[in-house]
Each structure stands twice: as structure tokens, then as C-alpha cells.
Amino acid sequence: DIQMTQSPSSLSASVGDRVTITCRASQSIRSYLNWYQQRPGIAPKLLIFATSNLQSGVPSRFSGSGSGTDFTLTISSLQPEDFATYYCQQSWSAQFTFGQGTRLEIK
Amino acid sequence: EVQLVQSGAAVKKPGESLKISCKSSGHIFTSDWIAWVRHTPGKGLEWMGSIYPRDSDTRYSPSFQGQVTISADKSITTAYLQWSSLKASDTAMYYCARQDVRLGSYFFDYWGQGTLVTVSS
């Protein structure tokens with residue numbers, strides 16, 4: 001299996017901050033990397049697919065970049081509704097795997 | 001719009017069987033893969049497997065192969081996840097999701113509301 005490792009595991013930030021979350025794959029996954037947001041008690045929501053493509057309806061303050069093994073999700077100016085847990089997911093291998101999650105908390 | 005509606009919460013004892021469902025609408029059920037994803041506080045999200053309802057082609061994560069069975073009924077556009085003998089460690093929230101692909105990347109774009117499964121003696 002391809003292992004996905006996110007850092008940090010948790011992060012405290014304030015409204016208006018710029019935040020970056022990193023996802024590292026155990027081997028190259030080219031650009032087959034997706035990002036999700038999950039708020040407590042609610043199903044995950046797709047934010048970005050194929051590294052950098054914003055899903056319809058997702059605010060433009062979210063962006064993604066990277067290739068190969070190293071990827072980032074950036075939120076340019078945190079809003080109150082952005083405090084949630086974020087997951088990356090690879091689909092280079094047919095055995096899809098998620099990162100362990102990054103919990104973004106209000107400072 | 002695509003909608004996935006899951007069956008309600010279940011409370012079971014160890015060793016019991018269970019089958020939960022995911023009723024799909026708003027898309028061509030036989031043209032899309034449907035995935036099951038487990039969520040636990042300790043491990044986060046885990047892909048369990050996916051099924052292609054047109055021919056019931058099913059792929060499992062090695063972690064869940066042999067532990068669960070994924071199936072689908074095309075006539076009622078419903079996917080299922082079942083256990084023959086539950087364990088306490090199966091306690092989790094289970095989501096179904098539509099699996100799509102763009103630019104070669106497979107992702108889950110529409111999700112059910114989740115089914116909470118509690119296994120306790």
C-alpha cells in the first residue's frame with residue numbers, strides 16, 4: 001500500500017491566517033492526489049482533485065500544489081467555517097489510501 | 001443532483017451479522033463506482049472498497065478483504081456493506097460515496113450522510 005503522511009497532525013490558527021498543510025506519499029503518485037474537509041458529525045467534502053483542481057463550489061481561498069511525493073493544501077485567509085479536519089487521498093494505486101488527517105483548530 | 005441516502009444507525013452484539021444500505025439517485029447508478037469509507041476517531045478515513053454496479057466488479061482494500069462484503073442491486077440503485085460476524089473493533093461511522101475520475105485522479109465527490117455502527121456486548 002502507498003502510505004500517506006500528513007503534517008502537522010494538528011494546527012492552531014486564527015481567522016485571517018494563511019495556513020499550509022503538507023501530505024507526503026511513500027512513493028511517487030504523480031498528480032493523483034485529492035483533498036477533503038470534514039467538519040465534526042458531517043460527511044467529508046471534496047475540496048481539490050488531481051492536486052490543484054478546485055471542486056465546483058469550493059471557495060478560491062483553497063488551493064493545492066505539488067507532484068510526485070510532496071503536496072500541499074493552502075488556505076489563503078482562514079474563515080470561521082474552515083476549522084475542520086483535512087485529509088489527503090491518493091489514487092495512483094487502485095488501493096486508495098488517505099492521510100491520517102490534520103485537525104485545524106481556532107487559536 | 002446526486003444523492004446518497006444511507007440506512008439508519010445500528011447497535012449490534014459481537015458475532016451478529018449486519019447489512020447497511022446506500023440508496024443512490026440523481027446519476028446513472030450503473031455507470032459510477034460506489035465506495036465505502038470507514039471513519040474512526042483513531043484512524044480517520046479508510047477506504048474499504050468499491051463496487052461497479054453494472055457488472056458488480058468489486059475491489060477491496062487489503063485491510064478489509066474477507067472482513068466485509070460489498071454488493072449492489074441495480075434494480076433499486078442501492079449499494080450494500082455487510083458483515084457476517086461483527087467485532088467490537090467494527091464500531092465506526094460508515095460512509096458510502098460516489099467515485100468519479102477526472103484528469104486520471106479517482107476521488108469521492110458525493111457522500112451519504114453516514115451510518116453509525118456500534119458493536120457492544
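Here is how names work: the chains are called A, B, and so on, in the same order as the sequence lines, proteins then strands, and each is numbered from 1.
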Trainee: Looking at A:Ala94, A:Gly99, A:Ala43, A:Gly41, which makes the most heavy-atom pairs under 4.5 Å with chain B?
Mentor: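 Option with the top pair count is A:Ala43.
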Trainee: Specify the closest pair of heavy atoms between A:Ser91 and B:Gly104, including all atoms of both residues, with the distance to one decimal.
Mentor: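 Scanning both residues, the minimum pair turns out to be OG-O, 4.4 Å.
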Trainee: For B:Tyr106, is the OH atom crowded, meaning more than 12 foreign heavy atoms sit under 6.0 Å from it?
Mentor: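 Atom OH in B:Tyr106 is not crowded, with 12 or fewer foreign heavy atoms closer than 6.0 Å.
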Trainee: Output the option from B:Pro62, B:Gly44, B:Gly114 having the highest count of non-hydrogen pairs under 4.5 Å with chain A.
Mentor: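 Greatest number of close heavy-atom pairs with chain A: B:Pro62.
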Trainee: Nearest 0.5 Å, what's the OH-CD distance between A:Tyr87 and B:Glu46?
Mentor: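 Between A:Tyr87 OH and B:Glu46 CD, I get 10.0 Å after rounding to 0.5 Å.
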Trainee: Determine whether B:Tyr52 and B:Tyr80 fall in the same hydrophobic cluster, where Ile, Leu, Val, Met, Phe, Trp and Tyr are linked whenever their side-chain heavy atoms lie under 4.5 Å apart.
Mentor: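 Hydrophobic grouping puts B:Tyr52 apart from B:Tyr80.
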Trainee: Please state whether the side chain, the backbone, both or neither of B:Phe107 comes within less than 4.5 Å of a heavy atom of chain A.
Mentor: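 Backbone plus side chain of B:Phe107, per the 4.5 Å heavy-atom cut-off to chain A.
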Trainee: Should A:Pro44 and B:Phe108 count as side-chain neighbours, where that means a heavy-atom distance under 4.5 Å?
Mentor: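 In short, these two side chains do not touch, never coming nearer than 4.5 Å.
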Trainee: Let me know if A:Phe96 has heavy atoms under 4.5 Å from chain B in its side chain, its backbone, both or neither.
Mentor: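 For A:Phe96, the contact with chain B is made by backbone and side chain together.
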Trainee: Can you say whether A:Gln38 sits under 4.5 Å from chain B via the side chain, the backbone, both, or neither, judging by heavy atoms?
Mentor: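 Contact with chain B is through the side chain of A:Gln38 alone.
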Trainee: Would you say the side-chain atoms of A:Tyr36 pair up with the backbone N or O of B:Leu45, donor to acceptor, closer than 3.5 Å?
Mentor: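 No: the side chain of A:Tyr36 does not pair with the backbone of B:Leu45.
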Trainee: Measure distances from B:Tyr110 to the heavy atoms of chain A and classify the residue's part below 4.5 Å as side chain, backbone, both or neither.
Mentor: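 For B:Tyr110, there is no contact with chain A at all, as no heavy atom is under 4.5 Å.
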Trainee: Would a hydrophobic clustering, with Ile, Leu, Val, Met, Phe, Trp and Tyr connected at side-chain separations under 4.5 Å, put B:Leu103 with B:Trp33?
Mentor: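 Result: no, two separate clusters.
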Trainee: Can you tell me which portion of B:Gln99 sits under 4.5 Å from chain A's heavy atoms? Options are side chain, backbone, both or neither.
Mentor: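 Contact with chain A: side chain only.
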Trainee: Under 6.0 Å from the CZ atom of A:Arg61, do we count more than 12 heavy atoms belonging to anything else shown?
Mentor: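 Enclosed.
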Trainee: Under 4.5 Å between side-chain heavy atoms, hopping through other hydrophobics if needed: is there a path connecting B:Tyr95 to B:Met48?
Mentor: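 Unlinked, B:Tyr95 and B:Met48 end up in two clusters.
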Trainee: Could you measure the distance from the CZ atom of B:Arg102 to the CG atom of A:Asn34? Nearest 0.5 Å is fine.
Mentor: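 Separation between the atoms: 11.5 Å.
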Trainee: Report whether A:Phe71 and A:Leu47 are members of the same hydrophobic cluster (ILVMFWY, side-chain heavy atoms less than 4.5 Å apart, transitive linking).
Mentor: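 Same hydrophobic cluster.
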Trainee: Under 4.5 Å heavy-atom distance to chain A, tell me which part of B:Val37 shows up: side chain, backbone, both or neither.
Mentor: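 Only the side chain of B:Val37 comes within 4.5 Å of chain A.
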Trainee: In terms of heavy-atom contacts, does CD of A:Glu105 have more than 12 from other residues, nucleotides or ligands at under 6.0 Å?
Mentor: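 Counting neighbours around CD of A:Glu105, more than 12 heavy atoms of other residues, nucleotides or ligands fall under 6.0 Å, so yes.
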Trainee: Can A:Val58 be reached from A:Leu104 by stepping across I, L, V, M, F, W or Y side chains whose heavy atoms are under 4.5 Å apart?
Mentor: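 Shared cluster, yes.
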Trainee: Check for a donor-acceptor pair, side chain of A:Gln95 on one end and backbone N or O of B:Trp47 on the other, with a separation under 3.5 Å.
Mentor: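 Flag not set: sc A:Gln95 to bb B:Trp47 has no pair under 3.5 Å.
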Trainee: Calculate, to the nearest 0.5 Å, the distance between atoms OG and CG belonging to B:Ser63 and A:Asp1 respectively.
Mentor: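 The distance works out to 6.0 Å.
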Trainee: Under a 4.5 Å heavy-atom cut-off, does chain B meet the side chain of A:Ile29, its backbone, both or neither?
Mentor: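 Neither part.
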Trainee: With a sphere of 6.0 Å drawn around CD1 of B:Ile76, does it hold more than 12 non-hydrogen atoms of other residues, nucleotides or ligands?
Mentor: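 For B:Ile76, atom CD1 is crowded (more than 12 foreign heavy atoms under 6.0 Å).
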